[in-house]
Structures are given as structure tokens and as C-alpha cells.
Amino acid sequence: MTKDKVKAVVVSKECLMDDIFSLTIKVGENISKAVPGQFIDLYSNDKSRMLPRPISICDVDSEKEEMRIVFRTVGAGTSEFSTYEKGDTVEIVGPLGNGYDIKDADKDKVHVLLGGGIGIPPMLYLAKKLNEAGVPKDNIKTVIGFRDKNTFLVEDLEKYSQVFITSDNGEIGIKGNVIDGLREYNIKPDVIYACGPTPMLKGISAYAAENSVTAYISLEERMACGIGACLACVCKSSDVDGHSKVKNKRICKDGPVFLSEEVEL
Amino acid sequence: MTKDKVKAVVVSKECLMDDIFSLTIKVGENISKAVPGQFIDLYSNDKSRMLPRPISICDVDSEKEEMRIVFRTVGAGTSEFSTYEKGDTVEIVGPLGNGYDIKDADKDKVHVLLGGGIGIPPMLYLAKKLNEAGVPKDNIKTVIGFRDKNTFLVEDLEKYSQVFITSDNGEIGIKGNVIDGLREYNIKPDVIYACGPTPMLKGISAYAAENSVTAYISLEERMACGIGACLACVCKSSDVDGHSKVKNKRICKDGPVFLSEEVEL
Amino acid sequence: MNMSVDIAGVVMKNPVTVASGTFGSGMEYSDFVDLSALGAVTTKGVANIPWQGNPTPRIAETPSGMMNAVGLQNPGIDTFLERDLPFLKGYDTKIIVNVCGKSEDDYVDVVEKLADSPADLLEINVSCPNVKEGGIAFGQNPDALFEITKKVKKAAKQPIIMKLSPNVTDITEMARAAEAGGADALSLINTLTGMKIDIYKRRFAVANKTGGVSGPAIRPIAVRMVYQVAKAVKLPIIGMGGIASAEDAIEFIMAGATAVSVGTANFRNPSVTLDVIKGIEEFMKAQGINDISEIRGCVD
Amino acid sequence: MNMSVDIAGVVMKNPVTVASGTFGSGMEYSDFVDLSALGAVTTKGVANIPWQGNPTPRIAETPSGMMNAVGLQNPGIDTFLERDLPFLKGYDTKIIVNVCGKSEDDYVDVVEKLADSPADLLEINVSCPNVKEGGIAFGQNPDALFEITKKVKKAAKQPIIMKLSPNVTDITEMARAAEAGGADALSLINTLTGMKIDIYKRRFAVANKTGGVSGPAIRPIAVRMVYQVAKAVKLPIIGMGGIASAEDAIEFIMAGATAVSVGTANFRNPSVTLDVIKGIEEFMKAQGINDISEIRGCVD
Ligand SMILES: Cc1cc2nc3c(=O)[nH]c(=O)nc-3n(C[C@H](O)[C@H](O)[C@H](O)COP(=O)(O)OP(=O)(O)OC[C@H]3O[C@@H](n4cnc5c(N)ncnc54)[C@H](O)[C@@H]3O)c2cc1C
Ligand SMILES: Cc1cc2nc3c(=O)[nH]c(=O)nc-3n(C[C@H](O)[C@H](O)[C@H](O)COP(=O)(O)OP(=O)(O)OC[C@H]3O[C@@H](n4cnc5c(N)ncnc54)[C@H](O)[C@@H]3O)c2cc1C
Ligand SMILES: Cc1cc2nc3c(=O)[nH]c(=O)nc-3n(C[C@H](O)[C@H](O)[C@H](O)COP(=O)(O)O)c2cc1C
Ligand SMILES: Cc1cc2nc3c(=O)[nH]c(=O)nc-3n(C[C@H](O)[C@H](O)[C@H](O)COP(=O)(O)O)c2cc1C
Ligand code: FES
Ligand code: FES
């Protein structure tokens, strides 16, 4: 009984672009110990919506005990969250899952952070933590992909990393996806941390295998419990999983971050 | 297509006592033409609650196009309404139903308004309208019953009527119900307008029959459509009803105000 | 862009009608909705004689839905023919008359009286969970359903729609029985039998003890049944159960429904039917759908 | 004040357990809930060998509920005996093991392996709508249910609870079949078969096409079935379906349930079971109820 659902108070809300919002919420001490790549579950205040919404941790201010999340409005839940204003409360559980492993972060190695679309937010906290762990800004290279010239979080990421931009339509940065970006910007990763849509992650897994680079990728699946009990959120794993012994890892509990070779996309 | 659901903005919210709240909302011109005894349907902002909540019109400021309602929190819907603050919006339909008939209000007759508990609010707008129709304050006698010394709307009612109070435990006014009040305060009604719990209305119907007084009583029943279509909210009527020809009048459409001899409680 | 649909030869200008019993005969709702905008108006169940219905309370709210045990209060076919049908005739919409009864003869009686009326389609309610006799007794037994369908079909001048109950183990068995009996179309689902208890009063929330659950809560069950029935029989289907938006309506059409009915949602928004129609139109435009039939049953 | 209840000779300290499949074996939830506070822990369905379950997406949200087609992924009885039961043994709570299978032999196999385990009660899941073989095939046919109950009862050392499917025309017929087969208790309801379509992708929302609907949306149907079954058989009932608060739990008890399970609501609030237990206690105090059995089936 070390965890609980808590009521977090909204400190600020910002619309970063069209349908992308940033919420900063006051959370307890416990939650502010989160590591990059972990997520929280947000509960809707509307009783017709029973399931929590998993949202990645974008940033943590452990002194203020504040956490920032950035999300796209895609359905009823995220639309509700986008209406929150300062002073509103939202129930959350977290931090949940296993984040990116940066225990052995080597300051001389090239750490490459790849974020596509709404997979960009977790990269901010990751870049910050790598930086705090002693990796110089020059060895933290963030390649982020947008649809078009509408970007978000770029300035925040530039505080801790070198930022390289790609866009689907070429309106900004390199035209193409983040792997095109790697090539075009001539970046040679020693280790990759990625979050984004499945096709992008597939590409990264292939790239990592070809180039024998360690790649951590963060997966998504619909979730119910968010803590590993209900088996809603599994992905195919290369090895037999610890829980059910059937090569089905739980994204919420064993992930969301996996080594690329651990899972089959 | 003369009616529609509208979004009303909350102008002010007040807690009158423990669980009794007053909401003033800005409504359209249409709605501010309401007559006393009519009600509005309020829709919950929570999607898990499908049905509207019928609430009586307590007062109307037709110049400001504002309407006041007063309600007790008894369940999820009224609890939600009690959290509304200035600027919040609430969807409503109305005015609905048939109110008290004051067309023939005779300024020389004794108009007695009987309100029990949460049946008191509609009496305010009724007293005001009778007063505006030329009935002097002395001939508008409002007898209102509370549980105990915690009262509400008394001062408002005193603007338009003589107010007489009863309470269940005798902490204030006459100990007893509003019929005890009639007797004790020696009031001789020419016409009665009543709203309150069913036992009280039963008593009033009996009183009216015995004393050959015209009594209008306002009934309650659970409602779905609120406009006479679904047949959820019927009461037993003395005569065959116009709609289904089975002695079942629709409270939402044929009422909520009935002549006491029209209905069987 | 074509939104019109054909139910047993009757062409509705769009696939949207209302669920029987939630809209009366349209009179009250005509303050909120131009009835001519609807594909059809489906009227409250009508019997051969006036019915009293059940005692109150007749309804209760449930999570994302409601329970009702109105018990088919209605003025009987004579008043209906005199008052309600002439009223509806004044609008440019199809008329679906929902018929209820306690015995086979009751149904036949009503259906015969409707022969020369302006009713376009007859929806036979053999699935009301709130009346003791008739109704559900036919709706939960395939043989009884087959028999009554045959009898009603023989007596009816208009095409008949058999309205199915979801309170069965296998809805396709019922659908096939109705098809074999000669039904021209099917509508589903009626309400699911439910119960609610007021724990403080230690009493049932509706006087009838049980009631029929409707509203968004039952939508997934309704969609599943429409899908199953669309695969099992060739008849056109009017799908319903919890439709509250254009998205919901399209879900039923993609599951295999030809038309859809909006019921409980009318209580949350009296003009919701107009939103549903407009939303379907917008969806078709946005998705480049020229004819609504393109998406009917498109999910496999 | 006595909150304890007796299910087939097994005394639970309070009437609250969890619904199989929503709580794993309690390990993950033990971060949020002191498992010793629960009347019992009911574990996720376990088969004779590990099961892979269905492809993803396995779940979808529905109005006031959800749909799941997890498909009974589980590690098989051997791992379960080695890992999960010893873990649960560390808590002061009863253990109800939910058993699934594809054939009668599968069930018997698991039940026999549990004979000398710390399991207090065995809940036999013959009602999972999400697996092709077994499961629901037994749960929708009274004869098959009678047969499997008899076989499992014969093999079982612990009392057996047959878990019933709501996807039937007459739940009392199923309850009576289980009683005749020798069941010691019944639990109901399992999920209602539903379907959801993603209209933009023109695809089923869960990979299995259909899924089981659970959560508050189905509560009125569950309460009705518990009430009907309580009148039809003498067996103790574990009631479930949409319980999310103490009020909901009490509703089931007043309908005739001896104990109750909290399922989907755990997903909305991981420590909801504690609130339910506390709330029942407060209700009993406020209403002057000395023994929970006083209100069991008190509504007629
Ligand atoms: C570990 C993890 C981290 C995530 N981090 C972020 C983030 O930082 N920012 C962000 O914008 N989004 C993030 N997502 C996706 C986010 O969870 C969904 O966009 C969100 O749940 C949609 O909810 P909704 O009510 O708006 O949409 P609806 O479609 O109405 O949701 C219906 C149901 O499906 C689920 N669902 C819908 N889309 C997804 C999805 N892509 N992944 C998982 N569940 C989904 C919802 O949680 C809900 O249960 C993350 C997902 C996961 C699994
Ligand atoms: C014509 C009319 C006028 C009314 N005027 C007022 C008023 O001015 N002030 C006030 O406080 N109350 C008034 N009521 C009662 C008020 O409608 C209920 O208290 C309210 O609906 C309860 O909603 P809830 O969600 O809080 O309770 P819940 O118990 O959660 O409601 C569940 C369902 O039951 C219905 N319901 C519950 N109690 C009643 C009731 N007494 N009458 C009708 N439906 C009920 C609700 O509308 C809802 O559909 C009036 C009722 C009617 C019929
Ligand atoms: C208040 C009410 C009354 C109803 N009356 C009838 C009826 O008279 N005849 C009928 O066939 N169905 C009746 N129904 C069932 C509806 O037509 C419909 O099948 C069901 O409510 C599911 O649709 P919904 O979820 O959109 O309401 C009634 C439903 C409600 C809620
Ligand atoms: C994700 C999930 C998994 C389930 N797994 C099982 C299971 O393994 N065995 C079983 O008998 N029931 C299973 N069920 C059904 C529940 O035990 C319960 O009967 C049903 O969900 C209704 O209760 P609820 O509305 O409280 O969730 C599962 C339900 C859910 C939501
Ligand atoms: S969401 Fe329940 S196991 Fe992952
Ligand atoms: S609430 Fe529908 S008729 Fe009165």
C-alpha cells in the first residue's frame, strides 16, 4: 500500500499548437521522483468514461513537486483535459511503468533522442536527465519529426540538447521522418531513445539491428488497469514473458520502454 | 420548431442553507416569459447522466433575462448543479408545463400560498406575479413549512406577501405543517396555491374539498422527456385524460399544477 | 450524395427515425424538430384498445442510460387513427406505426385497422419487457415469433417490421424465425431487462420491479446484435440502442443496419435527431461517400 | 456488527471480493490495497497450460463501461501454483481461484491440481465470451452446464462456484442446471457480448471483433439477474457487474447476493475495494444493521 490515486491541482494550461496542450500539475513528492519514459494515468472527471488515459511525463520540477504533460486532443478524454484551467483538479496515478535506462549514461557517447509527433514530449525530461547525469549537450542529439511547420517543445529541448528537425511535408527542417533526419544530419548514435508512432519505431528497430546500436523504444497500447494486472496492453516479445510465459509483455508494467530487440512490432 | 435546448450562463450561486442552493442564470428572452409554477429541465454536464432534472422557476427578472432557481441537493445531478460557479454554463430547456392560473386573480380575495420545504421556491415568483397583477400584499398570505429553525427565502417572500412560518419541530413559527399553520394563524383562503411533499398536498386537497376552496397543487414525478411524449410522469386523474384516454395525466405537460379535484393522490 | 434508404420498398429520405415510445407521435417534439427532416417518425406502441400502463414510478436513471416500465400506455387504435395519423400526415416524412398487443388477435386487430391509413410501415413490438401478457412472450421463443409473424403478415397491408428483443441467448435464431414467418424487415434492439433498487427505501426504483434498460449503456450490445443479424438474414434492419450522435448512427450502419432509430437520446437533447442527420451528412462529405449504402455493413 | 458472510462453508470477513481478471492475482494491486482487508481475492482465470490470449487491441471504452477480449491469457496452473498461490497465502484473506478450460478435461485437470493448494473456493468460468472453444459453449446450454458442473464437482476438493453468463434468455434455467449438477455457489454475471466499431478506420475496436461489456453500464442487468436467481435456487450468490461503490454493492446484496465482486471499477480507482468495504460498514452503522445478512434479499 505504497501507492494511491491522488488529486492533482492544475498549475497552468497552455495550448502549444492547434490540438497540442501542455498541462502543469502539482503532484505529491512521490510522483515527482519519476524517471524519463514513465507515464501517469489521468482519470476523466466525467463518470461515463471509466478508463484512465496514459500520458507520458514530459517534465518534472521536483522542487516545486510539479509535473508537466503534453498531449494531443484525439478523443473525449484528452478533449476534457484540454479544458482544464488553473485551480481545477484531476485525479492521477503514477508514475507508472519502466522508463528509459540512463543509469549507465556515458558522457562520451552520442545519445540520440528520436521523437515523432506526440512522442516528442517524453524526450524533454529525458534530455534534461541525461544532461543532469553529466552528458554534455553536444552529445545529446534530439531529432524530432513534425507534420509541417507547426512545431512544439523545440525551445525547451534546446536547453538540454542539440535539436534537429524533420517534417513530413518539408516545411521545416529535413523533409522526411526522423530516420531520414539521422542520415541527412549525419548523426551516428551510440544509443537511441525513441518514442513515436509504430511505423517509426519499426524503422528504428531495423536501423538499430543493422547498425548494432542499442535502441530503447517506447510502445503504446490501450490500457485498463495501467499496473500490469488486466493483460489488456500486451505486445509480442521475443522471449517468454515473466508474467504469463507466453511471449506477451505488458506495456504498462514491463514497458512502456523496451529494448528494440525485446519486442516484435 | 419554436423551442430549443439552450446554454445558460451562471450569473451567481448562493448556498441558502446546508443543502439548499440558489442559482441565477442568464437565459434567453423566450424563457424569461415563464409564468409561476412552470419549471425548467436542467441537463447534467456529466455524460453518464442522461435524464434532465426538472426544477421549478423561483424567480424571473425579465429585463435582465435572468432566472433564479432554488434546489436541494439530493443526488448526483443536484450535487453537480451545486458546484456551478459564475461563468459556468448549463444546458436547459424551458419553460415547461402549465403554471398556476392567476388570470382571474381578484384583488379582494385572500390568496393563500402554501409551500413545504423545497416546494417553497415557486411561491416566490407566484407572490411577485400576484402582487404585480394588483393583489395587495395583505391579500397574499404565504404559509411556509420548514423542518426546523433553518429557513430560506423568507425575506424574499416578504417583499410580496405576508409570510407565516411553521416548522416540524416548532423551533420557529407554529409547530406543525402548513395546514396547522392555516388554522393557527387563522387564515381563511379564497384560493390556494400549493407546492410541497405529497402528504402535504393530500392534506390540502382534503382541506379544499371540505371548505369548498379552489386549490391549485403542483405535483412531482420522475421525468424523462419533460414535454409530454414519453408517458413517464403520469398521475391518476379524476377524468379521462386527453392524451391516452385512461385517466392518466402527464405531470410535465398537463401539469405540474393541477386543480386539486382534477387528480387523485 | 444520396442519404436515402429503402426499407421494404418504402424510401426514407435519410436513414434516421426515432425509437418507438420515446417520441410519442411526434406532436410534442415538433416544437423542437421539423418532423419533415426525419427519414421517418416511429410512433409509440398502439394497441386495439386504450392501455393504462404501469403504476409510477415508471422510470429510473442508470449509468449512461435509463430504465423504463411505462407499460405501453396508449390511447388505442381508434384515437390514434383519428388524431395522431392525420397529424403526422401533415409532414413530409414516412410513418412507422409501432403495434403492441396481448394476444395474436390483438395484433391482427390493430394491423387490420391500419390497412387504409397513411401508415407506411408497421413495426410489431413483440419484445416489450414491461407487460405481463403478450409482448416478450412472443419475443423470446422462436416458434411463437414465427407464428405471430405469419399471422400479422397475412393481415397486414403494409410491410411489417418485427422488433426483436435482446433478452435472448441467440438473436440470430429469432431473426431467422421472423424472416421465415414473412417479416419484411427487422428492428432491434428493444430494451434489456434490468432492475434498480433504492437501498435507502429498500424498494425497487420502478414500481414494476423490472424495467427495460436503454441508452448509450446498451449500445455495444445492440451493435453486436445488429452485426450478427445482418449476417444471418437478408432483411433490412433498423438498428437502435443508445444512438446519441452521428458517429453512433454510422456505427450501426457499418454493422449492417439500413436505417437507425434514436430513442433515449431525445430525452437528453430534444433536437438530437437533427444533429444526427447533419452529422451523417458531414461524415459522408468528409469521407467522400456518395451513397450511404456504400458503408452499410462495411466492417467484416 | 457482523459483516462476515459464508459461501459454501468458507467464511469471508466481509462480503467484498474482486471480479476475476480485473485484479490479476492481487500482486500489482497490493501496492494500492491491503489484500488482507478483502473478504477474498478472486484470481484471473487459470487453465491447465499457459494461454496466449487474443491479439491486441484487447479493450475499448464504452459508455459507463468497457469491452474486453483479453481471451484468458494466463500462465497455466503450474506457474500459478508455484508463484501466485504462495503469494496470496501471505495475506489474511480467502482465495477464490477462477478456472477456465477448453474442454471438460481441461477444467478437471486444473481442479485436480488445485486439490491440495491453499485455494478456498473454485470459481468455474463457463461464461467467457472471448474464447472460441469451451467457455461460453457450456454457459449458454443448460444441459452442457449441468454435465460440466457434475464432472467438476466430482473432481474438486474445494466447494465450486459456477460462474454464469448473462447472454441467455433465461438465467434461472442456467442457475437451476448448475444447482442440479452439484454447484455449491453461483457467481454472476460475466460480461455481456458487445461490439464497437471505429467508424473512421472502418474496423472493429477490438481485434477479436466482439468483446465482453462490463462496468456500471451493465449493473441494472446484473442486479435483475441476481434477483431472479436468488428466487430460483437456494445456493449462495456472488453478485457482480458494474459495482463501483458501497451503494452498488448493497444493491446486489438487497437483490439476494451473499457476497459481491468489484471488477472494472478497479480500473477507475485502484483502491476502490477499500472504499466499498468502508462504505458498507458505514451504511450498516447508519441504518442500525447488526448483521449484513439482515438486508440480504430484503427487497421483494
Ligand atoms: C504509455 C503511453 C504514453 C502516452 N503518452 C502520451 C503523451 O504524452 N501525449 C499524448 O498526447 N498521448 C499519449 N499517449 C496516448 C494517449 O494515451 C491517448 O491519446 C489517449 O488515451 C486518448 O484518449 P481520448 O479519451 O482522448 O481518446 P479516445 O479515443 O476517446 O479514447 C478511448 C480509449 O482508448 C484509449 N486510447 C485511445 N488512443 C490511445 C493510444 N494512442 N494509446 C493508448 N490508449 C489509447 C484511451 O485511453 C481510452 O481508454 C500515450 C499512450 C501510452 C500508452
Ligand atoms: C416539476 C418539478 C419541479 C421541481 N422543482 C424543484 C425545485 O424547485 N427545487 C428542488 O430542489 N427540487 C425540485 N424538484 C425535484 C427535483 O427534480 C429532484 O430533486 C432532482 O431531479 C433530483 O436529481 P438528482 O440527480 O439530484 O437526484 P437522483 O436521485 O440522483 O436523480 C435520479 C433521477 O431521478 C429523478 N428524481 C429524483 N428525485 C426526483 C423528484 N423528487 N422529482 C422528480 N424527479 C426526481 C432525477 O431527475 C433523475 O432523473 C422538482 C421536481 C419536479 C417534477
Ligand atoms: C420510455 C420508453 C418507452 C418505450 N416504448 C416503446 C414502445 O412503445 N414500443 C417499442 O417497441 N419500444 C419501446 N421502447 C424501446 C425503444 O423503442 C428502443 O427499442 C430502446 O429504447 C433502445 O433504444 P435507445 O437506447 O435509443 O432508447 C421504449 C423505450 C423507452 C426508453
Ligand atoms: C479485463 C477483464 C478480464 C476478465 N477476465 C475474466 C476471467 O479471467 N475470468 C472470468 O470468469 N471473468 C473475467 N472477467 C469478467 C469479470 O470477472 C466480471 O464478471 C465482469 O467484468 C462484470 O463485473 P464488472 O462490471 O465489475 O467488471 C473479466 C473482465 C474484465 C473487464
Ligand atoms: S493495462 Fe492492465 S496489464 Fe497493462
Ligand atoms: S416526462 Fe415524458 S411525458 Fe412527462
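As a basis for the values below, the full set of heavy atoms in this structure was taken, side chains included, without hydrogen atoms, waters or symmetry mates. Every chain is numbered from 1 and lettered A, B, ... according to where its sequence line falls, protein lines coming before strand lines.
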J.: For C/T62, is it the side chain, the backbone, both, or neither that has a heavy atom closer than 4.5 Å to a heavy atom of chain B?
T.: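 For C/T62, the backbone is the part near chain B, not the side chain.
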J.: State whether the number of non-hydrogen atoms from other residues, nucleotides or ligands found under 6.0 Å of B/K245 atom NZ is greater than 12.
T.: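 Enclosed.
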J.: Which residues pass the ring pair (Phe, Tyr, Trp, His ring centres under 6.0 Å) test with C/Y29, not counting sequence neighbours?
T.: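 Residues passing ring pair (Phe, Tyr, Trp, His ring centres under 6.0 Å) with C/Y29: C/F23.
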J.: Look at the side chain of C/N68 and the backbone N and O of B/A232, then say whether any donor-acceptor pair between them is shorter than 3.5 Å.
T.: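 The answer is no, because no donor-acceptor pair under 3.5 Å joins these two groups.
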J.: To the closest 0.5 Å, what do you measure between CZ (B/R49) and OG (C/S64)?
T.: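 B/R49 atom CZ to C/S64 atom OG measures 10.0 Å (nearest 0.5 Å).
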J.: To check you understand the geometry: which heavy-atom pair defines the closest contact between C/R83 and B/G242, and what is its length?
T.: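 Result for this residue pair: NH1-O, 2.9 Å.
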J.: In Å, rounded to the nearest 0.5 Å, how long is the span from CG of C/N266 to CD1 of B/I227?
T.: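 One gets 8.5 Å once the value is rounded to the nearest 0.5 Å.
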J.: Can you tell which part of B/V93 gets under 4.5 Å to a heavy atom of chain C, answering side chain, backbone, both or neither?
T.: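 Contact with chain C involves the side chain of B/V93 alone.
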J.: Is it the side chain or the backbone of B/D46 that comes within 4.5 Å of chain C heavy atoms, both, or neither?
T.: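 Backbone only.
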J.: Who among C/G53, C/P75, C/A265 has the most heavy-atom pairs with chain B under 4.5 Å?
T.: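 The residue among C/G53, C/P75, C/A265 with the greatest pair count is C/P75.
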J.: What's the shortest heavy-atom distance between B/M50 and C/E61, and which atoms?
T.: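 For B/M50 and C/E61, the tightest heavy-atom pair comes out as N-OE2, 3.0 Å.
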J.: Are side-chain heavy atoms of C/R58 and B/R222 found at a separation under 4.5 Å?
T.: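 No; the side chains remain at least 4.5 Å from each other.
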J.: Do you know the tightest heavy-atom contact between B/C230 and C/V70?
T.: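 Heavy-atom minimum between the residues: O-CG2, 3.7 Å.
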J.: Which atoms of C/N269 come close to chain B, meaning under 4.5 Å heavy atom to heavy atom: side chain ones, backbone ones, both, or neither?
T.: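 Contact with chain B is through both the backbone and side chain of C/N269.
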J.: How close do C/P50 and B/S244 get, counting heavy atoms only, and between which atoms?
T.: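 For C/P50 versus B/S244, the nearest heavy atoms are CB-O, 3.9 Å.
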J.: Tell me, side chain or backbone of C/A217 under 4.5 Å from chain B's heavy atoms, or both, or neither?
T.: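 Looking at C/A217, nothing touches chain B.
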J.: Contact part of C/P57 toward chain B, heavy-atom cut-off under 4.5 Å: side chain, backbone, both or neither?
T.: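 Both parts, backbone and side chain.
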J.: Would you call C/R268 and B/E91 a salt bridge, taking side-chain N to carboxylate O under 4.0 Å as the test?
T.: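 Looking at B/E91 together with C/R268, the answer is no, because their closest N to O distance does not fall below 4.0 Å.
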J.: Hey, are the side chains of C/I59 and B/L51 touching, using non-hydrogen atoms and a 4.5 Å cut-off?
T.: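 SC-SC contact between C/I59 and B/L51 confirmed.
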J.: Measure across B/P52 and C/F267 and return the closest heavy-atom pair with its distance rounded to 0.1 Å.
T.: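 Closest approach of B/P52 to C/F267, heavy atoms only: CD-O, 3.5 Å.
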J.: If you count heavy-atom pairs under 4.5 Å between each of C/Q73, C/M66, C/K44, C/M27 and chain B, which one has the most?
T.: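 Looking at each option in turn, the highest pair count goes to C/Q73.
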J.: Top residue by heavy-atom pair count (under 4.5 Å) with chain C, among B/K247, B/K47, B/K253, B/K5?
T.: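 Result: the option with the highest number of such pairs is B/K5.
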J.: Under 6.0 Å from the NZ atom of B/K236, do we count more than 12 heavy atoms belonging to anything else shown?
T.: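 No.
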J.: Under 4.5 Å, heavy atom to heavy atom, which residues of residues 88-100 of chain C contact chain B?
T.: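 Near chain B, by residue number: none.
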J.: Mind checking whether C/T56 and B/V234 have side chains closer than 4.5 Å, heavy atoms only?
T.: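 In contact.
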J.: Find the one option among C/G215, C/G76, C/G65 whose heavy-atom pairs under 4.5 Å with chain B are most numerous.
T.: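 It is C/G65.
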J.: If you count every heavy atom of other residues, nucleotides or ligands that lies below 6.0 Å from C/R202 atom CZ, does the total exceed 12?
T.: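 More than 12 within 6.0 Å, yes.
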J.: Is the shortest distance from a Lys or Arg side-chain nitrogen in B/R250 or C/E28 to a carboxylate oxygen in the other one below 4.0 Å?
T.: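 Yes, this pair counts.
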